[in-house]
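In this text, all values refer to a predicted model and were calculated from it rather than measured experimentally. Per chain, numbering begins at 1; letters A, B, ... match sequence-line order.
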2 protein chains.
Amino acid sequence: MVSIKDIASAAGVSISTVSYALNGSDRITKETADRIQSIANELGYVPNRAARLLKKRETMLVGVFLTDFSGHFYGDLLFGLKEELNRRDYDLIVCSGRRSHRMIPERAFDGAIILDATFADEELIGYADRGHKLVVLDRELDHPNVNQVLLDNKAGATLAVEYLLGQGLSRICAVGGPESAFDAQQRMRAVRQAVERVPEASLEELPGAFDKASGYAAGPRIAEAAGEGPAGVFCLNDEMAIGLCDYLRTQTALQIGKDVHVVGYDNIELAQYMQPRLATIDYSKRKWGALAAEQLLKMLEGRPVEQERIYVRLVEGESVGKAY
Amino acid sequence: MVSIKDIASAAGVSISTVSYALNGSDRITKETADRIQSIANELGYVPNRAARLLKKRETMLVGVFLTDFSGHFYGDLLFGLKEELNRRDYDLIVCSGRRSHRMIPERAFDGAIILDATFADEELIGYADRGHKLVVLDRELDHPNVNQVLLDNKAGATLAVEYLLGQGLSRICAVGGPESAFDAQQRMRAVRQAVERVPEASLEELPGAFDKASGYAAGPRIAEAAGEGPAGVFCLNDEMAIGLCDYLRTQTALQIGKDVHVVGYDNIELAQYMQPRLATIDYSKRKWGALAAEQLLKMLEGRPVEQERIYVRLVEGESVGKAY
DNA sequence: TTGTATGCGTTATCAA
DNA sequence: TTGATAACGCATACAA
């Protein structure tokens with residue numbers, strides 16, 4: 001490994017001169033700086049990030065924590081994040097899994113973005129207390145070192161339910177998310193409110209876990225309910241909606257968009273390839289990422305941060321039809 | 001920030017005692033070790049990774065480099081990687097983009113896994129020359145510090161083409177990948193061989209870039225060709241096959257699986273939701289990840305590594321039918 | 001069993 | 001404009 005010490009002796013100068021030259025300080029003559037630079041290149045010098053970090057306490061790195069890597073969802077979000085961070089000379093790295101949590105207190109990066117249910121609120125507060133800057137995308141936390149960029153879950157869930165109701169479907173089923181999931185809680189609350197506002201509407205809540213399997217598992221009960229007349233089903237995310245459709249298609253003779261009407265949430269890519277096309281709630285994942293990055297950068301630079309929210313819109317699809 | 005120095009003074013011992021105690025050396029009495037440990041906990045001590053790294057030159061971190069984060073593909077692969085690495089106390093971090101390449105020479109991790117076209121071969125050889133351990137998944141590199149886990153592209157492409165030929169389709173179109181992509185080159189070569197083996201078969205090669213847009217762009221030429229009788233199209237990956245199907249469905253009256261027969265490669269999740277179901281080449285992405293992790297770990301531990309290959313199988317689908 | 005002292009590669013303070 | 005030197009936090013050879 002070649003260090004500045006090697007460069008220094010090769011150039012016949014002191015290590016501090018090398019350090020200054022390499023970091024572009026104007027205390028050094030252009031000639032010596034150039035000479036040192038070219039010697040560094042020649043020797044294939046690469047700064048030691050550990051040493052620098054030990055001294056400067058700055059990684060220029062941002063960590064993003066995801067619950068898992070199961071695709072679909074995260075591509076655009078990460079793209080939005082990376083783009084914004086790179087613009088400001090920060091690099092992005094993605095982590096997942098409990099083991100990796102420790103990188104936050106170990107100061108592996110200057111800040112972190114959390115979209116990861118495996119973090120408990122208290123854990124995050126603990127990091128924030130120690131001075132680590134956090135942006136959370138999946139919960140609300142009141143702390144000077146934490147900011148959030150949240151989906152407008154209330155608007156989205158309301159749109160979804162009102163879409164069903166507007167089609168004349170008054171028997172609403174909602175397939176929920178994990179107990180602990182903030183997004184699921186918010187959406188379900190909005191569902192209840194929206195249904196309550198309509199006297200003749202009824203609501204049945206089914207458990208779910210935001211994955212295909214739990215959508216599939218909700219199938220039997222929903223098929224049963226559909227026996228008593230057309231039902232409008234709001235799955236709190238697309239993944240479950242797709243699982244449910246899989247069930248209905250393979251295990252029953254019920255027609256989606258006719259006997260059972262299904263709306264999802266997230267507008268994942270798969271949704272548009274479903275037959276019939278899945279009605280869902282859409283929002284810009286890329287913008288979500290970009291905004292999160294921006295918030296974190298502001299915190300890192302000590303600039304004031306204003307609360308942001310990601311707006312949503314309804315995407316209609318043939319998975320929902322008119323009730324007769 | 002609380003360091004071992006703080007613990008030492010709080011415990012009334014020297015820093016080396018603290019270091020030994022915290023690292024579980026048996027040179028320390030169990031009592032003092034316990035006492036120090038509890039003081040450390042009390043103070044909320046977290047080891048400084050930079051300092052430790054500077055000394056030990058070991059991050060216990062493996063970096064995975066991807067061309068982009070666009071989902072679908074990588075979920076299972078990363079899962080396989082992470083599972084295997086965690087088992088051996090290594091952590092996984094995911095990087096993407098040119099900027100992040102420098103983390104390799106900067107020794108941000110103990111080894112790296114590359115599935116990223118933005119690395120040039122020479123660049124990787126350069127890192128390997130400097131002693132960095134690499135496992136590459138998208139090329140072949142002959143270097144003591146590099147190992148590869150490759151798909152059996154030849155078998156896969158041959159399976160795909162012979163599937164089409166076996167259905168009586170003798171007019172084969174192949175939609176290629178980026179010039180520089182190793183997988184694309186291997187697959188296309190196998191396609192040519194498979195077609196040449198059958199005297200009455202013909203092959204037309206169309207350019208592609210492994211994305212939906214380029215599959216879509218190949219649509220017009222394929223529709224034209226289909227005018228002269230049923231054609232068998234092998235898209236060198238699923239992404240392009242889906243793009244092509246989008247074109248055929250929305251821009252032509254041609255029937256997929258009847259007028260045009262389509263096979264993809266990768267068996268991404270979307271493939272099974274296509275209507276008709278996309279025929280494709282499947283392989284275990286999870287195993288691919290696990291094997292790559294294992295190879296890297298072996299290199300890190302200086303154990304001998306044997307070459308591995310990921311086997312593939314054909315998944316039939318209604319996107320291919322019989323020719324008449 | 002514990003303490004002292006040194007060095008890992010940088011940056012930064014001060015003096016020259 | 002440059003150089004000597006002291007940190008940064010930790011691990012460890014050696015001394016006690």
Side-chain angles (χ1 to χ4, degrees), chain A residues 1-37 39-40 43-61 102-110 130-132, chain B residues 1-37 39-40 43-61 102-110 130-132:
Chain A
M1 242 203 50
V2 29
S3 77
I4 52 171
K5 206 181 282 178
D6 303 311
I7 302 177
S9 60
V13 297
S14 80
I15 57 163
S16 40
T17 305
V18 175
S19 178
Y20 285 131
L22 260 29
N23 289 309
S25 163
D26 46 6
R27 311 166 50 158
I28 306 292
T29 349
K30 179 144 184 6
E31 298 131 43
T32 30
D34 286 350
R35 196 164 60 85
I36 288 173
Q37 187 58 260
I39 291 178
L43 265 47
Y45 168 75
V46 176
N48 182 311
R49 114 179 273 128
R52 195 214 302 268
L53 174 56
L54 188 56
K55 199 66 191 163
K56 299 239 310 174
R57 283 123 184 286
E58 216 188 31
T59 61
M60 296 307 280
L61 231 48
R102 59 191 165 86
M103 292 209 255
I104 295 178
E106 284 177 353
R107 309 183 160 277
F109 10 73
D110 298 344
R130 293 165 156 273
H132 301 285
Chain B
M1 243 202 51
V2 27
S3 76
I4 52 171
K5 204 181 286 180
D6 302 312
I7 303 178
S9 60
V13 296
S14 80
I15 58 163
S16 51
T17 305
V18 175
S19 178
Y20 286 130
L22 259 29
N23 289 308
S25 163
D26 44 8
R27 310 166 55 161
I28 306 292
T29 349
K30 179 147 184 2
E31 299 131 42
T32 31
D34 286 349
R35 196 166 57 85
I36 287 172
Q37 186 59 257
I39 291 179
L43 265 48
Y45 169 74
V46 176
N48 180 312
R49 123 177 263 128
R52 194 214 302 269
L53 174 55
L54 190 56
K55 194 72 191 161
K56 298 239 310 174
R57 281 122 185 288
E58 219 188 28
T59 61
M60 295 308 280
L61 229 50
R102 60 190 167 87
M103 292 207 255
I104 296 179
E106 284 177 354
R107 307 185 161 278
F109 10 73
D110 297 345
R130 292 165 157 275
H132 302 285

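Contact annotation: side chain of Ser16(A) to base of dA4(D), donor-acceptor pair present below 3.5 Å. Contact annotation: side chain of Tyr20(A) to base of dT13(C), donor-acceptor pair present below 3.5 Å. Residue side chain Lys55(A) does not reach the base of dA12(C) through any donor-acceptor N/O pair under 3.5 Å, judged by distance alone.
Under 3.5 Å, the side chains of Thr17(B) and Ser14(B) contain a donor-acceptor pair of N or O atoms.
For the pair Ile7(A) CD1 and dT11(C) C1', the computed distance is 14 Å after rounding to whole Å. Distance, Arg49(A) CZ to dG9(C) C1': 14 Å, rounded to whole Å. If you take CZ of Arg57(A) and P of dT10(C), they are 18 Å apart, rounded to a whole angstrom. For the pair Leu53(A) CG and dC8(C) P, the interatomic distance rounds to 19 Å; values are reported in whole Å. What separates NZ of Lys56(B) from C1' of dG9(C) is a distance of 18 Å, to the nearest Å.
Contact annotation for Ser3(A): backbone-only contact, meaning every heavy-atom pair under 4.0 Å involves sugar-phosphate atoms and none involves a base. Counting non-hydrogen atoms under 4.0 angstrom, Ile4(A) reaches a base of the nucleic acid.
The CD1 atom of Ile4(B) sits 8.0 Å away from the CG atom of Leu22(B) when rounded to the nearest 0.5 Å. In this structure, the separation between CG on Leu53(A) and CG on Leu53(B) is 9.0 Å, given to the nearest 0.5 Å.
Within the 4.5 Å cutoff, the side chain of Leu61(A) has no heavy atoms near those of the Met103(A) side chain.
Phosphate proximity of dT1(C) to Thr29(B): absent, as no side-chain N or O sits under 4.0 Å from OP1 or OP2. The shortest distance between the side-chain N/O atoms of Arg107(A) and the OP1/OP2 oxygens of dG9(D) is not below 4.0 Å. Asn48(B) has no side-chain polar atom (N or O) that falls below the 4.0 Å cut-off from OP1 or OP2 of dC8(D). Ser14(B) has a side-chain polar atom (N or O) that falls below the 4.0 Å cut-off from OP1 or OP2 of dG3(C). OP1 and OP2 of dT1(C) both lie 4.0 Å or more from every side-chain N or O belonging to Thr17(B). Between Arg52(B) and dG9(D) there is no side-chain polar atom (N or O) within less than 4.0 angstrom of OP1 or OP2.
In terms of heavy atoms, Ala21(A) sits closest to Ala33(A) at CB-CA, 4.0 Å.
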